[in-house]
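Below, read A as the first sequence line, B as the second, and so on, with proteins coming before strands; counting in each chain starts at 1. What you see below is based on every heavy atom in this structure, not just the backbone, and it leaves out hydrogens, waters and symmetry mates.
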Protein chains: 2
Amino acid sequence: MHSNPSQRIDLKGLAQVLGLSMTTVSRALNGYSDVSEKTRRRVEKQARLLGYTPNAQARRLTSGMTETIGFVLGDVSGYYDDPYFAQLLAGMSEVLTRLNYDLVISTRGAGGDPLGGYRRLVDERRVDGIVLDRTRRDDERIAFLLEAGMPFVSFGRSEVSGDHAFLDADCEEAGYIATRRLLGLSHRRIAFLGAPRGYMFNHLRLRGYERALNEAGLDIDPQLVTVTAYEEEGSFHAATGLLRLDHPPTAIVCIDDMAAMGAIVAVRSEGLEVGEDVSIIGYNDIAPAALMDPPLTTVRIDSRAAGRRLAEMLLAVIAGRPASVFQEVWAPTLVVRSSDGPAFASRLYPTGTPPLATTPDQPLPAGEA
Amino acid sequence: MHSNPSQRIDLKGLAQVLGLSMTTVSRALNGYSDVSEKTRRRVEKQARLLGYTPNAQARRLTSGMTETIGFVLGDVSGYYDDPYFAQLLAGMSEVLTRLNYDLVISTRGAGGDPLGGYRRLVDERRVDGIVLDRTRRDDERIAFLLEAGMPFVSFGRSEVSGDHAFLDADCEEAGYIATRRLLGLSHRRIAFLGAPRGYMFNHLRLRGYERALNEAGLDIDPQLVTVTAYEEEGSFHAATGLLRLDHPPTAIVCIDDMAAMGAIVAVRSEGLEVGEDVSIIGYNDIAPAALMDPPLTTVRIDSRAAGRRLAEMLLAVIAGRPASVFQEVWAPTLVVRSSDGPAFASRLYPTGTPPLATTPDQPLPAGEA
DNA sequence: TTGTAAGCGTTATCAA
DNA sequence: TTGATAACGCTTACAA
């Protein structure tokens, strides 16, 4: 493109070559109206010729804008194995790059401070705005950012969510439609394989699950509601526990597809058939979901689109639009594949009548035909 | 921590409060030796009290360092679904944060220029260094960064790799041990389900595959070497093609675990059993690999550790160490699980003698017992 | 050991 | 329509 990349030219140099002042050149390049069309063209041409590009740091210092938004990784062990996360990133990057914005990823940093990573971004003014995910019911990050006056948008709500921007899936609906689907397949003992209770998405999905059950006239059996360490191994163990109950579930609503994978393995290792003896429904619809065996029935949310939208919202908030305007809840959709099936196919309850939550009167160990 | 977060204090303000010059305060805070211990303590205490943190932009402008390294996402469609990528990021972040470095993620940007994203980072001096991945045999990014004088490190070598830092798995070895493993299980018709030829890792792994076959006295059957679009769907189709050959393979070496997932689905949909009729070996050992059905035998490389090491190397190069010192090739390890098994178990060749590459004399369609 | 002052490369204010 | 000049907040020669 330009002659010599190693010999950078700055605004002053460019102005000198053109016989103009830095001011004029700067304005010509930034599309100000008070520059003659002729001058502008001349400047633009020369800039291109000499490969001039403004120094981002200098521009940031003067303008007070960093043209950067931040994302803080959660704890370092296994949280972000989930492909949904890469999709979220890719989606954000798509729109950010278009607007010449950078996305910086940092981690929480050492030390117990869960706010550490956020403090750094805020205090050192490294970013113009922040994206949060995996919100908790009472999320201290939200309080912190609100008080610091840092623009942000969260992927997920919280119970303290007031005047901030967020994008969220309708988690309650997600839990509801998954459970409804299973009820429609005549399942009566349906388990909920969840994440820790503090997470807002877990809370809401569980609520949807409970609502569906109640509407069907069924009680909630606490034994069927589990909380995992939110990892695949955790879900494997949790699912195994469920399947070894005196009255095991014939269906499991899983908090996400990764958890569903763990559950599938658990079902198999108990000698049972997925989609027959035990139905499984996931959440997210990550790429591997369609390729699993059996292909996973799941509740889909488009994380790449979510990433794009989150970035757009944040950029708008940074630009000064009131944050509370941007509060979106997206409807998830059920993607039916093959990991669920009618309850009567299950060998767990050959008589076809699993006991209700409160009346365990038909003991029958798991894994028997 | 500090009194009023909305009312930032800068170096000048802090100096004023302390009755010192900016210089002294700056040096005290940056650990210079020519500041009296007493002054330093006083400064540090006051700084903490007032919640002073240096403005990152200003520091960057003066120092000429951005304290940021860059990573450019490949094309936007499905490349980074792979969990290995999230691991790489997490690993890099771990060490970067410790040193107060940021990681910025950008995309290639619109327009056909494959160097677009890199140009932006380099020209606008947004980063001190760059990490590349998925190198190609003749990688123009390497040439570009070399010429631009931008420090970088690549995850993967290239054929033009001279004086730059890289970390790579021993890909040839990886292809070799996977193939050896299958040969040891008496397989004779072993396919290679690869990525496009331009990729260096594909090139080397294929070489390892070929070497193992040759050492075993077997010819390479071009029909058994496929190139996919490097996505799961692509590998599904490619694997299906392989299985429908007149003389289908009894084993498939896959370019990565995601491809292996596609292959597994293909095997099943042809009515065959994974690990019996057709053995599958993956690469990477992503988290879901152990949870798949059957658990995937794969060649493991620790991408999180790789991420950490890449960051360390890059930081060293940025600090001025000669790049060519940092050229590491890591040995991969075979993780045996259940997706591979002895050739005699395959119903594809009941007589136990699959034809060699050049002499297809025993036609026997796939999927027959 | 501490302070003065000159940058770093922009953008923005105010005259001309 | 254009041009001096002053910020922006920090680091670092160079003096004291």
Sequence-distant partners of E328(B), salt bridge (charged side-chain N to carboxylate O under 4.0 Å, His left out), two or more places apart: R309(B)
Are the side chain of T53(B) and the backbone of D123(A) linked by a donor-acceptor contact shorter than 3.5 Å? yes
Specify the closest pair of heavy atoms between R60(B) and T66(B), including all atoms of both residues, with the distance to one decimal. NE-O, 2.8 Å
For S21(A) and dG3(D), is the shortest distance between a side-chain N/O and OP1 or OP2 below 4.0 Å? yes
All side-chain contact (heavy atoms from CB on, under 4.5 Å) counterparts of D10(B), not counting sequence neighbours: K12(B)
Who passes side-chain contact (heavy atoms from CB on, under 4.5 Å) against A143(A), sequence neighbours left out? none
Nearest whole Å is fine: how far is dA15(D) P from D34(B) CG? 16 Å
N/O-N/O pairs, protein side and nucleotides 9-12 of chain D side, under 3.5 Å:
unit_1: dG9(D); atom_1: N2; unit_2: T62(B); atom_2: OG1; d: 3.1
unit_1: dC10(D); atom_1: OP1; unit_2: Y52(B); atom_2: OH; d: 2.9
unit_1: dC10(D); atom_1: OP1; unit_2: N55(B); atom_2: N; d: 3.2
unit_1: dC10(D); atom_1: OP2; unit_2: L11(B); atom_2: N; d: 2.5
unit_1: dC10(D); atom_1: O2; unit_2: T62(B); atom_2: OG1; d: 3.2
unit_1: dT11(D); atom_1: OP1; unit_2: N30(B); atom_2: ND2; d: 3.4
unit_1: dT11(D); atom_1: OP2; unit_2: S26(B); atom_2: OG; d: 2.8
unit_1: dT12(D); atom_1: OP2; unit_2: Y32(B); atom_2: OH; d: 2.6
unit_1: dT12(D); atom_1: O4; unit_2: T23(B); atom_2: OG1; d: 3.3

Angle separating the five-pair end axes of the helix from dT1(C)-dA16(D) to dA16(C)-dT1(D), nearest 10°, is 40°
In whole angstroms, how far is the C1' atom of dT11(C) from the CG atom of L20(A)? 17 Å
List the atom of V17(A), the atom of Q46(A), and the distance in Å for their closest heavy-atom pair. CG1-CD, 3.9 Å
Shortest non-hydrogen contact from G70(A) toward V127(A): N-CG1, 3.6 Å
Pairs where residues 132-152 of chain B contributes a residue and the test ring pair (Phe, Tyr, Trp, His ring centres under 6.0 Å) is met, not counting sequence neighbours: F152(B)-H164(B)
So, does S36(A) get its side chain near the phosphate of dT2(D), meaning an N or O under 4.0 Å from OP1 or OP2? yes
Atom CZ of R41(B) and atom C1' of dT1(C): how far apart are they, to the nearest Å? 16 Å
